[in-house]
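Single-structure report; data block below.
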2 protein chains.
Amino acid sequence: MRPKPEYSPDVSELAQIAKAMSHPVRIYILKKLSQMQSCCYSGDLVLEVPVGRSALSQHLKELKFAGLIQGEIEPPYIKYCINRDNWNKAQKAFENLFDAPVTDLNAISCCSI
Amino acid sequence: MRPKPEYSPDVSELAQIAKAMSHPVRIYILKKLSQMQSCCYSGDLVLEVPVGRSALSQHLKELKFAGLIQGEIEPPYIKYCINRDNWNKAQKAFENLFDAPVTDLNAISCCSI
DNA sequence: TTTGTATTTCGCAAAATAACGAAATGTTTT
DNA sequence: AAAACATTTCGTTATTTTGCGAAATACAAA
C-alpha cells in the first residue's frame with residue numbers, strides 16, 4: 001500500500017474555489033456580480049448566458065455552495081450578490097499561491113540543476 | 001431558439017485556468033513548483049501525493065496543456081518547472097477579476113435595491 | 001544487446017459534471 | 001381561490017474527469 005498523504009487544508013480549499021470557478025458561466029457571473037455594488041437576478045442573468053434557466057440555477061447553487069455568492073429573497077425575485085467576506089478570502093488564497101516567495105530550500109531534496 | 005451569447009475570451013481563459021487548478025493534486029504541484037527556483041521530478045512528486053504514477057502523469061499533462069508548467073527532459077528524469085510567463089499571465093487574470101473596480105452603472109439595468 | 005529505471009500512454013470502470021425540459025415550490029396579483 | 005410569475009428541483013442523458021494497472025516508450029548502464 002502506498003503511503004497516502006493527505007492534502008493540507010489550504011490546498012484543498014484553493015482547489016475547491018478553483019473548481020467553483022472552472023466554468024465560463026460561473027466566471028461570467030462572478031465577474032458581473034463583483035463589478036456591481038448591488039446585486040443581480042437570475043432572470044436577468046439568463047439572458048446573458050448561453051444556458052437555460054435550470055442550468056443557470058445549478059451554477060448559482062454551486063457558487064453559493066462554494067461561498068462565493070449569496071442569494072437573498074426579494075419577492076418576487078431572488079437577488080444574488082458576491083459574498084464579500086469569502087470573496088476576499090478567495091482573493092488572498094490566490095495571492096498566497098501566486099505571490100509565494102521563491103525558496104530554494106526544498107530544491108536541495110527534490111530538484112536538479 | 002434562445003439567443004446564445006458567446007463568452008468573451010477573457011472569461012473563457014480564466015475558466016480554463018481555474019479548471020486546470022481545480023484538483024488538489026494539481027494545486028499541490030503548482031504550489032510546490034512555484035515556491036522553487038528550480039524544478040521537480042515526477043518521481044519525487046509521486047511520494048508526496050495520494051495518487052499513482054499514471055494518474056500523476058495525467059495531472060502533469062493537464063497542467064502542461066494549460067501552460068502553467070513545462071517539462072524538460074533531463075535524462076533519466078523529466079524535470080518540471082513553472083512556466084513563468086504563463087504563470088504571471090494567470091496571476092494577472094485573477095487579479096483582474098478580484099481587483100475589478102466596482103461600478104454601479106450596470107446596476108441600474110439589472111439590479112434591485 | 002540486454003537489463004534496469006523513469007515516465008507516459010492505453011484500456012477500462014466508476015464517479016462527477018453539464019444541460020435540458022417537465023414538474024414542483026413559493027410568492028404575488030387578480 | 002385561482003392565475004401568473006420567478007426560480008428551483010427532479011429525472012434523464014451525454015460527456016468529462018479521475019484513477020488504476022498493464023503495456024509501451026525512452027534512455028542509460030552494464
Side-chain angles (χ1 to χ4, degrees), chain A residues 1-7 11-12 15-29 33 39-66 69-81 110-113, chain B residues 1-7 11-12 15-29 33 39-66 69-81 110-113:
Chain A
M1 338 284 142
R2 200 164 2 80
K4 268 250 176 188
E6 266 307 309
Y7 309 111
V11 167
S12 307
Q16 216 174 329
I17 296 169
K19 191 159 138 193
M21 298 172 70
S22 69
H23 191 288
V25 164
R26 298 198 289 270
I27 289 289
Y28 182 92
I29 295 166
L33 292 185
C39 304
C40 214
Y41 300 132
S42 173
D44 297 313
L45 240 19
V46 84
L47 299 173
E48 307 174 37
V49 136
V51 294
R53 285 166 198 283
S54 59
L56 174 59
S57 193
Q58 290 288 9
H59 287 302
L60 290 166
K61 189 181 179 182
E62 269 184 83
L63 290 172
K64 209 166 24 173
F65 178 77
I69 68 173
Q70 59 197 33
E72 282 161 48
I73 297 169
E74 176 137 336
Y77 303 102
I78 294 180
K79 199 182 62 177
Y80 284 100
C81 316
C110 150
C111 286
S112 71
I113 290 281
Chain B
M1 336 287 143
R2 198 163 4 78
K4 269 248 175 190
E6 266 307 310
Y7 309 111
V11 166
S12 306
Q16 216 174 330
I17 297 169
K19 191 159 136 193
M21 298 172 69
S22 69
H23 190 288
V25 164
R26 298 197 290 269
I27 290 289
Y28 182 92
I29 294 167
L33 292 186
C39 303
C40 214
Y41 300 132
S42 173
D44 297 313
L45 240 18
V46 82
L47 299 173
E48 307 174 35
V49 135
V51 294
R53 287 167 196 281
S54 59
L56 174 60
S57 192
Q58 289 289 14
H59 287 302
L60 290 167
K61 188 181 180 183
E62 268 184 84
L63 290 173
K64 208 167 24 173
F65 179 77
I69 68 172
Q70 59 197 32
E72 282 162 48
I73 297 169
E74 176 137 338
Y77 303 103
I78 294 181
K79 198 181 63 177
Y80 284 101
C81 316
C110 149
C111 287
S112 71
I113 288 280

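Within every chain, numbering begins at 1; the chains are lettered A, B, ... in the order of the sequence lines, protein sequences first and strands thereafter.
Atom-to-atom, NZ of A:K79 to P of D:dC5 comes out at 23 Å; the value is rounded to the nearest Å. What separates CD of B:Q58 from C1' of C:dG11 is a distance of 12 Å, to the nearest Å. In this structure, A:F65 places its CZ atom 10 Å from P of C:dT17, rounding to the nearest Å. If you measure from atom CD1 of B:I29 to atom P of D:dT18, you get 12 Å, rounded to the nearest angstrom. As a whole-Å value, the separation of B:I78 CD1 from C:dA6 P is 12 Å. The CG atom of A:L60 sits 14 Å away from the C1' atom of C:dA18 (whole-angstrom rounding). Between the NZ atom of B:K64 and the C1' atom of C:dT8 there is a distance of 9 Å, rounded to whole Å. The nearest whole Å value for the distance from the CG atom in A:L47 to the P atom in D:dA6 is 11 Å.
Although no hydrogens or angles enter the test, the distance criterion places a donor-acceptor pair under 3.5 Å between the side chain of A:S22 and the main chain of A:K19. Side-chain N or O atoms of A:R26 include none that pairs as donor or acceptor with a backbone N or O of A:E62 at under 3.5 Å.
Candidate nucleotides C:dT17, D:dT8, D:dC20 were compared by shortest atom distance to the side chain of B:V51, and D:dC20 ranks first. Distance from the side chain of A:H23 is smallest for C:dA19 among the nucleotides C:dA19, D:dT8, C:dT7. If you check C:dC20, C:dA18, D:dT8 against the side chain of A:A55, the one that comes closest is C:dC20. Proximity note for A:R53 (side chain, C-beta onward) versus C:dT7, D:dT8, C:dA19: the nearest is D:dT8. Comparing atom distances between the B:K19 side chain and each of D:dT18, C:dA19, D:dT17 picks out D:dT17 as nearest.
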**Study point:** Working for side-chain contact (heavy atoms from CB on, under 4.5 Å), residues B:E72 and B:Y80
**Key:** CA-CA 6 Å; B:E72 282 162 48; B:Y80 284 101; over 6 Å; no

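Contact annotation: A:Y80 reaches the phosphate of D:dT8 (side-chain N/O to OP1 or OP2, under 4.0 Å).
Within the 4.0 angstrom heavy-atom criterion, base atoms lie near B:S54.
Classified by interplanar angle (parallel below 30°, tilted 30° to 60°, perpendicular above 60°), the ring pair B:H23/B:H59 is tilted.
Place A:K61 and A:Y77 on DNA chain D by their nearest nucleotides, and A:Y77 ends up nearer the 5' end. Nearest-nucleotide mapping onto DNA chain C: of A:I73 and A:E62, the residue sitting toward the 5' end is A:E62.
One distance of note links CG of A:L56 with CD1 of A:I29; it measures 5.0 Å at 0.5 Å rounding.
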